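Structure first, commentary second.
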Amino acid sequence: MKKWTLQRKWTYASAISIFLSFLMMCIILYFSLYNWMLISEKKIAQNTLNELVSFFESKGPIISIQDIQRNKTLLNQLVNQEQSVRILNADGIEVLRINDVSPFPNFSPEILQEFQRERVDGQLLFHKVAEVDFGLFTGYVEISHSLENFSHLMDYIFIAMVIFALIALFLSALIGYSLSSILLKPLKELRNEMQEAKRTKFSKEVKFQYVTKDEIGELLTIYKELMNEVSETITRQDEFIQNVSHELRTPIQVVEGHLALLNRWGKNEREVLDESLDISLTEVRKMKLLIDEMLKLAKNERTDELLESLLYEIVLSLQNKYRILEPETIIEFAGDEKVKVAVPATTLEQIIRNLIENAIKYNENKPHIYVKVTNNELKTIITIMDNGVGIPENLLPKIFDRFFTVDEARTKPNGGSGLGLSIVKSLVSEYKGSILVESNEKGTKFDIIFPEFNKRI
Ligand code: ADP
């Protein structure tokens, strides 16, 4: 079955309506022309008849049929080429015929007030009989006005109109098709973009070539804005899920480690039981806070209240954590233990933890990490230095990109997803800070700089 697309319907509708209006115009024109020409033919016939009668009257009150016959040449000039005239006596016998081009019907002495349209011997004609009384001759004048030329002309006009109507039908279909193509082009673009959005799961940017500012243009702009919002939301949701799973990995490992410890020693040793339960509970609470913080970050809902945290306390907590997870690792703190940073504790711990985690992961020696803090009235600098494998200089600008990993072979055993540093960078920027990196084959150094609003106790 044929698919009735909008374009097909539109083409048919406009073609039919244009064609019907043209046809109606043709019909009206044809019949008006027909009537107008018929009336003028009748006038011509009537004029000839009137001129003949006036001619006879001008020849005096007494005129014989012989006189009339003598004036035949003159009479011939009065009669039109498409007409025949005959004069009949009172008995209906023809006495004179002028111009024998058009046939007459069988004579009947009935006087006709109006011209009769008749078909005689296959010819269409106007016909009228008038009574004449010339003194010496009484009888009838009968005129037959051929309508053959008129009907030929009307046939020509009819054929011309049919040809025009067919051309109009073709043109109107063509116009309808092109018009619908122009009007439906942006809608087709919209349909294609929708299919593409469905196929690419909203990841592709919506773009339209149609830029006209009309109703359809507005519709496309609204759709584009809507899709960009949807795609942004989806990206943010994806990022949130990826970040949360990345960030929960270490706390879960800590809890897991302590639960294993409890399982082995905690049943008998009260001290291990208390400590491990304490640490596990703290970790679980921190995880809750971490999820809340990341949710807020994902929704752009950061509270403006100034939350401060002590860097030293955070480093202490991380030292405890890694004592269980990575007993070989040494984390050293240097600098003023009382320096506060205007970043919530959960977030600051996230930043430092990610950097320490990398320092351990990308290290072929026994990891030795320094966390140093320096500050003045203008800024606070937190430096994290390690003795790891280092990062090639040409790759340094890329390491903060999402999913960027330096060397697949090097990171695989540790399961790196390339998210850690991008999370660190976005958290640091969230609190108006900046991060710098220097690296060589002996190790890597990250400097996190938070500006003025940091203060000391
Ligand atoms: P991941 O979450 O997979 O660790 P990151 O975004 O944290 O990824 O790091 C990106 C890349 O930078 C890692 O693949 C790693 O090769 C390199 N890198 C990051 N930190 C260090 C470091 N301290 N020492 C050496 N290489 C590092």
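The structure displayed is predicted, hence computed values, not measured ones. For ligands, and for the atoms within them, numbers begin at 1 and follow the listed sequence. Numbers here are sequence positions counted from 1.
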*asked:* Can you tell me which portion of I391 lies within the under-4.0 Å heavy-atom range of ligand 1? Options are side chain, backbone, both, or neither.
replied: side chain

*Would you name the heavy atoms of I143 and F104 that are closest together and state the gap between them?*
C-CE2, 3.8 Å

*Can you sort out which atoms of ligand 1 are near F404, meaning under 4.0 Å from one of its heavy atoms?*
10 (C), 11 (C)

*asked:* Here's one to test your reading of the geometry: is the NZ or CZ of K42 within 45 degrees of the ring axis of F115 and under 6.0 Å from its centre?
replied: no

_G418 versus ligand 1: do any nitrogen or oxygen atoms come within less than 3.5 Å of each other?_
yes

*Have a look at ligand 1 and work out which part of F400, if any, has a heavy atom under 4.0 Å from it: side chain, backbone, both or neither.*
neither

_Whether H246 lies under 4.0 Å from ligand 1, heavy atom_ = yes

*Closest non-hydrogen atom pair between M227 and V206, with its separation*: CB-CG2, 3.4 Å

*Check whether any heavy atom of G420 sits under 4.0 Å from an atom of ligand 1.*
yes

*Presence of salt bridge, E247 and R353, under 4.0 angstrom*: yes

*ligand 1 versus L419, non-hydrogen atoms closer than 4.0 Å: side chain, backbone, both, neither?*
backbone

_I'd like to check whether V389 has a polar contact with ligand 1, where a contact means an N/O of the residue lying under 3.5 Å from an N/O of the ligand._
no

*Could you tell me whether K361 and ligand 1 have an N or O pair separated by under 3.5 Å?*
yes

*N or O pair under 3.5 Å between V406 and ligand 1*: yes

*asked:* Between N375 and D336, does the side chain to side chain donor-acceptor pair (under 3.5 Å) criterion hold? Intermediate values first, please.
replied: CA-CA 9 Å; N375 73 310; D336 188 341; over 6 Å; no

_salt bridge (charged side-chain N to carboxylate O under 4.0 Å, His left out) between R323 and E328, worked out_ = CA-CA 8 Å; R323 201 170 300 134; E328 290 216 306; over 6 Å; no

_Under 4.0 Å to a heavy atom of T405 - the qualifying atoms of ligand 1, by number_ = 14 (O)

*Assess whether side chain to side chain donor-acceptor pair (under 3.5 Å) is satisfied between Q46 and N50, documenting all intermediate values.*
CA-CA 6 Å; Q46 184 64 55; N50 289 348; 3.0 Å; yes

_Shortest non-hydrogen contact from Q81 toward N99_ = CA-ND2, 3.8 Å

*asked:* Residue-level breakdown please: for D386 versus ligand 1, do any non-hydrogen atoms fall below 4.0 Å on the side chain, on the backbone, on both, or on neither?
replied: side chain

